[in-house]
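Below is one structure, written out as structure tokens, with a few remarks after it.
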Amino acid sequence: MATRKELTAAAGARYRTSDRAKKSRILDEFVGITGFHRKHAMRLLRGQEDAGPGRRARRRVYNEAEHNALVLLWEASDRICGKRLKALMPALIEAMERHGHLGLAPEIRDKLLAMSAATIDRALARVREGLGRKRRRHATHSLRRSIPIRTSADWNDPAPGFVEADLVAHSGPSARGSFIQTLVLTDIATGWTECAPLIVREQTLLSTVLTELRKQLPFALVGLDTDNDTVFMNETLKAYCDAANIVFTRCRPYRKNDQAFVEQKNGAVVRRMVGYRRFEGLEAAKQLAELYRSARLFVNFFQPSFKLMAKQRDGARVRKTYSAPATPHQRLAADARTPDAVRHRLQEIYAALDPVALLRDIRGAQERLAALADTQPIANPAAASPSIDLFLASLRTAWKDGAMRPTDRPIVKARRGRRRPDPLIRATLDLRKWFEAEPWRTGSELLSRLQVEYPGAYPNKLLRTLQRRLKSWRSEQANALLFVATEKTQPGHEVTTTP
């Protein structure tokens with residue numbers, strides 16, 4: 001309607017100042033565009049749309065009596081919705097009249113039974129306004145609607161440069177507070193993966209980090225596919241992609257398989273390298289950035305991976321065909337769409353890389369990260385980066401030590417102890433003496449005796465504490481009996497068991 005009003009204002013100014021022939025052409029064009037009736041269009045273009053009597057006011061059908069009766073029926077139905085109340089109303093009115101709870105005039109009864117479900121909801125809208133919490137409306141944001149959806153089946157062998165992006169949270173066991181997240185970019189064609197830490201979830205910082213990652217990519221960033229997280233779905237990132245001529249797409253909500261490429265790298269690269277500890281603060285972000293500097297070269301040049309080529313469904317069974325394992329560098333070099341300059345530059349980088357040195361640097365960064373998360377300062381930082389010869393020698397027997405990645409080690413937790421003073425410390429000796437004299441006494445009986453001996457000092461709420469104390473004493477007594485029985489059963493002594 002807003003567009004029609006603008007068109008009417010623009011065409012009306014021309015129409016009123018034109019001759020008869022031009023008016024006919026303007027009117028034909030206006031009717032063809034808007035679909036209005038010709039006479040109605042003539043009145044609009046003349047500016048006479050308000051000259052007529054206007055729209056008649058709708059005649060009121062339901063008055064206060066019908067509204068009050070409807071509210072009573074709605075409350076008697078336990079406040080159900082209009083569609084259910086419409087179906088229930090004949091039986092409900094009959095039952096309430098039968099038991100003398102309601103007496104409706106025939107005309108009011110007929111109006112209520114003729115009332116539609118939508119009219120019932122409109123009539124009850126005022127009454128429902130302050131009752132309970134408002135219904136949440138899942139309206140699709142206009143920005144989200146403007147970003148097209150792309151699924152995993154829509155890629156169709158894209159050129160290098162179309163990437164999927166995702167965030168990996170390093171929150172540990174609790175998602176409260178502020179923690180570092182890793183931005184992961186994975187190329188669809190080659191599997192090339194770049195990672196960078198984000199110290200906070202902020203769209204401007206995300207754009208800045210994305211700019212730095214684009215400098216590290218061996219190809220131009222052509223397309224960016226993300227999930228529906230608000231850190232991606234915002235005007236800042238959309239304007240950034242429009243300015244850089246990057247195709248910005250998104251996956252379907254709650255469909256992680258639409259981003260299968262980057263989701264696989266979240267586990268195979270980020271979680272494998274970093275683990276599941278909680279990282280927060282600037283120092284942790286620096287250590288993560290140092291880890292990713294070595295990891296990106298090790299993963300992209302020395303970590304082959306499979307790539308799904310085709311799927312064929314046979315009933316409930318799906319047959320998948322994979323390509324031969326290859327590194328992202330090998331796939332990028334073998335792609336015919338890769339420029340020769342990029343191939344030469346990657347080959348120069350590859351020739352200068354030492355995989356053992358990269359792995360040593362990764363292990364050192366992981367050691368520092370794990371110590372930082374566990375709040376254990378490293379006594380000798382130089383020991384975390386041994387020489388190449390020592391590190392290579394350690395790899396020969398590393399399998400004997402189990403997990404080699406420091407980030408895979410169990411998280412060190414502080415031992416939880418007593419956090420308040422012992423409320424029974426004054427009477428512990430007396431309680432122990434009473435327990436040893438009469439070990440069959442219950443906690444309630446000992447607490448009653450304690451209250452007699454120390455009036456007003458030990459309330460009933462200490463019963464559970466006393467029961468836990470008795471439980472530990474009984475466990476000690478049982479262990480002592482077992483130890484004595486074991487001492488008596490020495491070689492040469494016969495133990496007779498009575499059935």
**OP:** Verify side chain to side chain donor-acceptor pair (under 3.5 Å) between T338 and D335, making sure each step is shown before the conclusion.
**Re:** CA-CA 6 Å; T338 303; D335 197 310; 4.7 Å; no
State which residues pass side-chain contact (heavy atoms from CB on, under 4.5 Å) with [X]; sequence neighbours excluded, sorted by chain then number.
{"X": "P173", "answer": "none"}
{"X": "R278", "answer": "S171, F179, E280"}
{"X": "D340", "answer": "R343, H344"}
{"X": "T208", "answer": "none"}

**OP:** Go through the steps to decide whether D258 and T151 satisfy the test side chain to side chain donor-acceptor pair (under 3.5 Å), and finish with yes or no.
**Re:** CA-CA 5 Å; D258 288 353; T151 67; 5.0 Å; no
Original post:
Quick one: side chain to side chain donor-acceptor pair (under 3.5 Å) pairs with a partner in residues 304-316, sequence neighbours left out?
Top reply: S305-R331
Original post:
Can you name the salt bridge (Lys or Arg N to Asp or Glu O under 4.0 Å) partners of R79, sequence neighbours left out?
Top reply: E75
Name each donor-acceptor pair under 3.5 Å that joins a side chain in residues 160-170 to protein atoms two or more places apart or in another chain, with its distance.
| from | atom 1 | to | atom 2 | distance (Å) |
| --- | --- | --- | --- | --- |
| E164 | OE1 | F261 | N | 3.3 |
| E164 | OE1 | V262 | N | 3.0 |
| E164 | OE2 | W155 | NE1 | 3.4 |
| D166 | OD2 | N266 | ND2 | 2.9 |
| H170 | NE2 | T182 | OG1 | 2.6 |

**OP:** Indicate yes or no for a side-chain donor-acceptor contact from R250 to the backbone of R144 under 3.5 Å, with no hydrogens or angles considered.
**Re:** yes
**OP:** Check whether any side-chain N or O of W192 sits under 3.5 Å from a backbone N or O of H329 as a donor-acceptor pair, and report yes or no.
**Re:** no
Subject >> Modelled atom types, side-chain donor and acceptor of E283 and Q287, under 3.5 Å >> reply: yes
Subject >> Residues in side chain to side chain donor-acceptor pair (under 3.5 Å) contact with Y322, at least two apart in sequence or another chain >> reply: none
**OP:** Please identify each residue that fulfils ring-ring contact (aromatic ring centres under 6.0 Å, His included) with F298, with sequence neighbours left out.
**Re:** none
**OP:** Can you sort out the partners of F306 under ring-ring contact (aromatic ring centres under 6.0 Å, His included), two or more places apart, ordered by chain and number?
**Re:** none
Original post:
Is the distance between the ring centroids of F435 and W440 less than 6.0 Å?
Top reply: no
Original post:
Tell me the salt bridge (charged side-chain N to carboxylate O under 4.0 Å, His left out) pairs involving residues 436-451, sequence neighbours left out?
Top reply: R432-E436, E438-R441, R441-E445
Which pairs of donor and acceptor atoms, one on a side chain in residues 232-239, lie under 3.5 Å apart (sequence neighbours left out)?
| from | atom 1 | to | atom 2 | distance (Å) |
| --- | --- | --- | --- | --- |
| N234 | OD1 | T236 | N | 3.2 |
| N234 | OD1 | L237 | N | 2.8 |
| N234 | ND2 | Q203 | OE1 | 3.2 |
| N234 | ND2 | T230 | O | 3.0 |
| N234 | ND2 | V231 | O | 2.7 |
| T236 | OG1 | Q203 | NE2 | 3.2 |

